[in-house]
Structure formats: structure tokens, C-alpha cells
Amino acid sequence: MKVRTRVAPSPTGDPHVGTAYIALFNYCFAKQHDGQFILRIEDTDRERSTSESEAQILNSLKWTGLTWDEGPDVGGTHGPYRQSERGDLYAEHAQILLDKGEAFRCFCTSERLDALRKEQMSSGAGKLGYDGHCLSLSPDEITQKLAAQETHVVRLKVPRDGVCKVTDLLRDEIEIAWSEVDMQVLLKSDGMPTYHLANVVDDHHMEITHVIRGEEWINSAPKHLRLYEAFGWEAPILCHLPLLRNPDKSKLSKRKNPTSIHYYQKIGVLPEALLNYLGRMAWSMPNEEEKFSLDEMIEHFNIDRISLGGPIFDVEKLTWLNGRWIRENHDIDQLAQRLMEWALNPKLLKEVLPMLQPRLDRLSDIGKFSSYFLSGHLELNAEQFAHKKLSSEQINQALVWGMWRLDELKAWEAEGISNALRECAVELELKPRDFFAPFYPAITGMKSATPLFDTMAVLGRDLVRARLRDASQVLGGVSKKGEARWKKTYEAGRKQRLEQQAQETN
RNA sequence: GGUCCGUUCGUCUAGGGGUCUAGGACGCCGGCCUCUCACGCCGGUAACACGGGUUCAAAUCCCGUACGGAUCACCA
């Protein structure tokens with residue numbers, strides 16, 4: 001049997017290094033077995049999925065040097081590779097389960113479920129989940145409700161007792177009691193499948209043999225195994241990889257650590273170094289060599305060499321490794337070439353030059369601007385932020401407010417950034433001029449520079465977030481307590497804003 | 001809180017009953033090289049979470065505890 005693995009990102013945000021990490025291991029495993037690696041887009045969440053995000057994920061993954069044998073951009077024999085284009089397949093399969101009596105229709109309202117949830121929480125029994133209410137509906141009642149076009153979902157039937165044995169490639173057999181497994185919604189009321197249904201149906205139809213994914217899925221593995229069994233399909237081999245962590249050991253998240261592949265690209269990390277570093281996460285070469293190419297990794301890959309403790313993503317060590325790649329794998333011509341591609345490429349130049357042209361009296365004036373367009377982090381000190389009217393706490397607050405507000409932004413472009421930040425100024429009752437003052441040193445290292453919003457747009461979301469965080473740090477940072485207090489005010493403002501928005505759209 | 005997964009230097013890791021006085025790498029510290037810095041080279045710092053068992057012998061196997069993480073959605 002041909003080994004087939006896949007990575008299945010959801011296009012709901014910036015391309016995440018965690019996606020590249022999971023993709024890398026799937027890729028190596030497949031290639032080591034002379035198999036195929038597939039890219040599938042899981043965009044069943046219509047609310048959050050965007051095609052821009054999908055394009056960025058594809059581009060970023062390609063940038064790392066990973067390639068896929070089948071995918072939405074390259075096609076393949078098991079397509080389409082976008083779940084939103086596989087539409088009816090899921091509804092058909094939900095119907096199959098309904099017919100087999102392995103699933104049931106549930107007409108419960110979200111109000112009832114919320115109430116149920118609250119009750120379960122307060123009773124403190126520790127048992128949460130659907131109570132099986134609609135399981136007792138008679139066929140007549142169901143036909144009646146269907147005729148009345150009541151909205152409903154389809155849920156999976158799950159045994160009430162016994163244990164599910166999950167076989168994981170890296171661990172001993174994992175036992176999870178069926179009573180712990182919720183009667184998962186398979187088909188949402190909008191007719192779209194949930195992850196669980198779509199994932200199982202697609203993995204089966206795409207003939208995936210090994211599911212290598214993050215550890216966060218262990219607890220829902222029984223649902224998946226149940227589905228395979230209900231369909232009468234053979235389940236793939238499961239393998240759960242340890243999660244990448246923040247320095248505080250929590251799951252890697254953008255609030256605490258830059259997670260976007262764009263960010264690493266922007267600070268000048270070489271794709272081969274990033275992939276190399278990700279390969280060192282939870283895995284090591286048999287000879288313990290730290291630096292290796294993708295081909296070398298495939299050649300020596302052995303999934304048993306994965307260690308299970310969750311590795312902390314250490315930017316410092318990545319930087320060291322990147323330095324080795326720069327020094328050891330490039331002569332001067334090659335390095336010049338890399339630099340041209342990275343910084344002096346027409347795309348970046350064309351983005352930046354319109355801002356620069358009015359400010360250039362001599363070509364050499366480019367030097368002071370390139371300092372912040374080409375830098376990763378800036379060297380800042382508190383004096384740069386001194387303001388004649390505002391206290392350093394106010395300045396800090398402005399930066400933090402901006403950082404939070406910017407995180408809510410769906411699209412990253414100058415106008416949206418401008419609007420969002422202007423709203424912050426209003427909320428903090430500061431004149432725009434005063435509010436924006438600290439953003440110049442934070443983003444550019446200078447009191448005045450190119451237009452803030454265009455500059456931020458070019459620098460990208462993660463680098464901007466990182467620089468704002470640096471600046472806040474220089475101003476003394478935010479204590480846990482202080483953050484909680486600010487957060488409360490911020491959230492109140494946010495709520496008001498959203499309500500206003502809702503009114504406007506109505 | 002329930003369930004599940006994990007735990008070797010600050011960090012990434014090697015090791016999977018004796019070869020462990022626990023090895024390598026990042027970081028940090030010191031030195032060499034050198035017009036400076038960096039690179040490079042040399043050296044130092046620092047860990048088997050804890051308690052019981054099994055065994056002639058435990059970092060390694062078993063049990064418990066502690067700690068960390070994940071998960072408990074009509075999100076993936």
C-alpha cells in the first residue's frame with residue numbers, strides 16, 4: 001500500500017509555523033516511504049475562512065520549500081482539495097449514517113444547549129456534553145419537524161459505556177471511556193460539515209494512510225474512529241505530534257510569540273533554516289547533527305525518533321542556525337543573490353518607494369529609511385518615547401491599545417489600520433497627534449518617518465505586533481494586574497464598538 | 001473541575017536496565033585568534049521532577065504524587 005499523508009490547514013488567519021511543522025513531518029514520512037503528500041484546505045467554517053488566507057498559506061508553505069503531490073493549486077486524482085468544493089459529499093455521508101442508525105437528527109436550540117451547559121457546569125459533576133435529548137424522538141415526530149422545516153443538526157451516536165482504544169504510533173495504547181465522548185455534531189444547521197465529519201470522509205476518499213497531526217486532537221480521536229467504524233471503513237494509522245510551545249510552555253500563540261511564517265520571512269530567516277529548525281523540534285538526526293537539509297532529513301527520517309515533550313520554539317537558536325546557513329551555504333555571489341531576492345526585489349521596492357521618493361534628496365538618504373524597513377527588531381530606549389503632555393503610562397497604554405485593536409483586524413492594509421487606530425485614539429480620549437506619537441519610534445525607531453499606516457502595512461502584522469510589544473516593554477511593560485485592568489476597559493470599548501457596527505449594518 | 005498526554009542542563013535534545021562521574025547543541029561566562037566587532041577555535045556553567053517498588057544493578061521498567069500541557073463548540 002502506498003503511503004499517503006496530508007496536511008489540512010484551515011484558512012482562517014496568517015500562515016502559522018505550526019502548520020509548516022506538521023506539514024514537514026507528514027512530508028518526510030511520506031517521502032521516506034516513497035509515498036505522497038497531499039495538501040487539503042479545510043474551509044468548512046464559512047464565517048472565518050478567507051481566500052486571501054488560503055493563498056497566503058499556500059505561498060508560505062511553498063516558500064519553505066515544501067511541495068505537495070496533490071492540492072488545490074496542483075490538482076490531483078482525488079480532488080477537489082478544498083472542502084468547500086466537496087459540498088454534497090458530506091451531506092450524502094451524513095445521510096448514510098442516518099440511514100444506518102449511526103447518527104441522529106437533533107432539533108435542540110442553542111438556547112437549550114446553553115442552558116444545559118450552564119446546568120452541567122454548576123452541578124459540578126464534571127460531565128459535560130449533549131444529553132441525548134433528541135435521541136428519543138419518534139420517527140413521526142422527526143417527520144413532522146422536518147416537514148415544518150425546523151432547523152436541525154446531525155449528531156453522531158456514541159456508545160454510552162465501554163472504552164475506546166486509540167492506537168497511536170508514538171504512544172502506548174490510549175484508552176478513553178466512551179462516556180467522555182460527546183455526541184458530536186457532524187452536519188451543522190447550515191448544511192456544512194464539522195471538522196470531524198469532513199476530515200474522516202476526506203481522509204478516506206483521499207486514501208490517506210497515516211494521519212500525522214497535533215496532539216490537540218488526541219481527545220477527539222475516538223470520534224474519528226467511531227466514524228470510520230460506522231462507515232465500515234478501515235481507519236488510518238494515527239500519530240500525534242507534540243505541540244510547539246511559547247516560552248511559558250503554553251501552546252504557541254501569536255499573542256506571546258511571533259507565529260506567522262511571514263514574520264520569519266520578514267526578519268530574514270532563510271526558508272531552509274526555518275525548515276531545518278522545525279525539524280529539530282521534537283526530532284533529532286541519528287548522529288545528532290543540528291544542521292541538515294530537507295533531503296537529508298528525509299534520508300534519515302525515523303518517526304520513532306520523535307520525543308514527546310512539547311518543545312519551546314526558541315527564536316534565538318533558530319537565529320544561530322540561520323547564521324550557519326548564511327555562512328556555510330553561500331559564497332558572496334549567492335549571498336548577494338539571496339539579499340536581492342529578500343530586500344531589493346521589485347515588489348518590496350515598489351511598495352516602499354512611493355513613500356520614500358518625496359523624502360529623498362540624495363539617493364543615500366535611503367539609508368536611514370532602510371534601517372526600519374529592513375530590520376527585524378529595533379533598538380529602542382525610553383527617551384525616544386518622551387512626550388510633553390503624556391505620561392509614560394499613557395504612552396504605553398496607547399501602544400498596547402493599538403496592538404490589541406490591530407489584532408482584531410481581519411485584513412491587513414493601510415486604511416483598515418488607520419481606521420482602527422483612530423478609533424483607539426477616540427476611545428482613549430486622546431488627540432490623534434498625541435496618540436500616534438509613540439507609534440513612530442515603536443515602528444520606525446524615529447520620531448518622524450514615512451506615513452505610519454502605509455509603513456505598518458508593508459512591515460506586516462507580526463513584525464508590527466512584535467515592535468509594539470518591544471516598545472511597550474521598553475516603557476516598563478505591562479504587569480499581569482495592569483493588563484487585566486486595561487483589558488477590562490478595552491473589552492468594554494470593544495463591545496460598544498461591535499454593537500454600534502451591528503446597528504449600522506441593520 | 002472531568003478526561004487525556006507529557007516531564008533529562010534556562011532552552012533544543014542524546015540515551016530505552018550495567019559502558020552515565022549523564023553526551024552534544026543554543027544561551028551565558030572565560031580564553032585564544034585579531035586594528036574593532038563578528039566568525040572560528042578552546043574551556044567553563046548547568047539537568048535525569050519527587051516518593052515508593054521490581055532488580056545484583058534504574059535516567060532507563062512498574063505504581064503513586066507533584067508539576068506542565070491539551071481537550072471538554074453548530075472552530076478547526
Side-chain angles (χ1 to χ4, degrees), chain A residues 8-13 16 18-19 40-49 83 106 108-110 113-114 117 120-130 151-155 163-164 166 168 170-199 213-223 240-252 277-291 304-324 326-328:
Chain A
S10 175
T12 54
H16 199 282
T19 307
R40 181 173 73 223
I41 296 293
E42 309 229 330
D43 55 353
T44 54
D45 184 348
R46 296 186 314 186
E47 285 280 301
R48 299 195 304 151
S49 299
Q83 290 187 328
C106 169
C108 293
T109 59
S110 50
L113 294 174
D114 284 347
R117 200 186 163 68
Q120 288 172 332
M121 294 276 253
S122 62
S123 77
K127 282 263 191 286
L128 298 171
Y130 188 64
T151 59
H152 66 281
V153 300
V154 175
R155 285 180 187 273
V163 294
C164 176
V166 180
D168 182 282
L170 300 176
R171 290 157 243 264
D172 290 336
E173 202 162 69
I174 300 166
E175 294 194 357
I176 296 173
W178 282 116
S179 58
E180 295 294 328
V181 182
D182 198 15
M183 297 178 212
Q184 181 62 47
V185 170
L186 300 176
L187 214 56
K188 306 180 226 176
S189 55
D190 66 0
M192 289 296 266
T194 57
Y195 167 85
H196 307 278
L197 208 222
N199 194 265
R213 56 174 13 168
E215 204 174 19
E216 76 244 62
W217 294 107
I218 289 183
N219 287 301
S220 41
K223 290 172 191 170
H240 295 93
L241 260 27
L243 259 20
L244 262 26
R245 314 275 189 103
N246 295 311
D248 70 359
K249 303 229 186 223
S250 56
K251 174 162 120 176
L252 195 64
Y277 183 67
L278 290 173
R280 284 289 295 115
M281 297 278 85
W283 191 79
S284 60
M285 278 294 222
N287 67 356
E288 283 204 76
E289 178 54 58
E290 302 259 2
K291 178 165 165 267
D304 295 329
R305 287 188 66 82
I306 288 176
S307 60
L308 295 176
I312 291 171
F313 193 90
D314 180 8
V315 182
E316 220 160 349
K317 188 152 184 179
L318 166 61
T319 303
W320 163 79
L321 194 57
N322 197 54
R324 282 193 62 184
I326 289 179
R327 276 174 242 121
E328 296 171 15

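All values below come from the heavy atoms of this structure, side chains included, with hydrogens, waters and symmetry mates left out. Each chain gets a letter, A, B and so on, in the order its sequence line appears, and its residues count up from 1.
Following rounding to the nearest Å, E289(A) (CD) and G24(B) (C1') show an atom-to-atom distance of 10 Å. Per the geometry, CZ belonging to R46(A) stands 10 Å off P belonging to C75(B), to the nearest Å. Between Y195(A) atom OH and U71(B) atom P the separation is 13 Å, expressed in whole Å. What separates CD of Q184(A) from C1' of A76(B) is a distance of 11 Å, to the nearest Å. As a whole-Å value, the separation of H196(A) NE2 from U71(B) C1' is 11 Å. The CZ atom of R324(A) sits 9 Å away from the C1' atom of A25(B) (whole-angstrom rounding). Atom CZ of R213(A) is separated from atom P of U71(B) by 13 Å (rounded to the nearest Å). Between the CG atom of D45(A) and the C1' atom of A73(B) there is a distance of 11 Å, given to the nearest Å.
The residue C108(A) sits close to a base: some heavy atom pair falls under 4.0 Å. If you check every strand for non-hydrogen atoms under 4.0 Å, R327(A) touches sugar and phosphate atoms only. The residue V153(A) sits close to a base: some heavy atom pair falls under 4.0 Å. L243(A) comes within 4.0 angstrom of sugar-phosphate atoms only, judged by non-hydrogen atoms across all strands, and of no base.
Rounded to whole Å, the separation between the P atoms of G18(B) and C4(B) comes to 32 Å. Taking atom P in both A46(B) and U3(B), the straight-line distance is 41 Å, to the nearest Å. For the P atoms, the distance from U65(B) to G2(B) is 12 Å, rounded to whole Å. Here the separation of G51(B) from A58(B), taken at their P atoms, is 14 Å to the nearest Å. One C1' atom belongs to A59(B), the other to G17(B), and the distance between them is 10 Å to the nearest Å. With P as the reference atom, G64(B) and C5(B) are 12 Å apart, rounded to whole Å. Comparing the same atom, C1', in A47(B) and in U11(B) gives a spacing of 12 Å after rounding to whole Å. Taking the P atom of each, C42(B) and A25(B) are spaced 9 Å apart, rounded to whole Å.
Side chains of Y195(A) and D45(A) form no contact here, defined as non-hydrogen atoms less than 4.5 Å apart. Side-chain contact between Y130(A) and C108(A) is present, with at least one heavy-atom pair separated by less than 4.5 Å. Under the 4.5 Å side-chain criterion, counting only non-hydrogen atoms from C-beta, C106(A) is not in contact with V185(A). In this structure, the side chains of L187(A) and V153(A) stay at 4.5 Å or more apart for every pair of heavy atoms. Side-chain contact between P9(A) and I41(A) is present, with heavy atoms from C-beta onward closer than 4.5 Å.
When atom types are taken as modelled, the side chain of R155(A) and the backbone of M183(A) share a donor-acceptor pair closer than 3.5 angstrom. The closest donor-acceptor contact from the side chain of D168(A) to the backbone of H240(A) lies under 3.5 Å.
Nearest nucleotide to the side chain of E316(A), out of C39(B), A76(B), G27(B): G27(B).
In this structure, K251(A) does not pair ionically with E215(A), as no charged nitrogen and carboxylate oxygen lie closer than 4.0 Å. Between E290(A) and R324(A), no side-chain nitrogen of the basic residue sits less than 4.0 Å from a carboxylate oxygen of the acidic one, so the salt-bridge criterion is not met.
When Watson-Crick and G-U wobble pairs are counted only if both distances are under 3.5 Å, U60(B) pairs with no nucleotide at all. Summarising the base pairing, C4(B) is matched to G69(B) through a Watson-Crick or G-U wobble pair whose two defining distances lie under 3.5 Å. In this entry U19(B) has no Watson-Crick or G-U wobble partner, no candidate having both defining distances under 3.5 Å. Nucleotide C33(B) has no partner under the Watson-Crick or G-U criteria, as no pair reaches both atom distances under 3.5 Å. Shown here, C26(B) forms a base pair with G10(B); the pair counts as Watson-Crick or G-U wobble because both key distances fall under 3.5 Å.
OP1 or OP2 of A76(B) sits under 4.0 Å from a side-chain N or O of T44(A). Checking the phosphate oxygens (OP1, OP2) of A73(B), no side-chain nitrogen or oxygen of K188(A) falls inside 4.0 Å.
Counting distance only, with no hydrogens placed and no angle test, the side-chain atoms of S189(A) and the base atoms of C74(B) include a donor-acceptor pair under 3.5 Å.
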Per-nucleotide protein contact string for nucleotides 3-14 of chain B, where B marks a base within reach and S marks sugar-phosphate only (heavy atoms under 4.0 Å, - for neither):
BSSS----SBSS
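Mapping S250(A) and P193(A) onto RNA chain B by nearest heavy atom places S250(A) closer to the 5' end of the strand.
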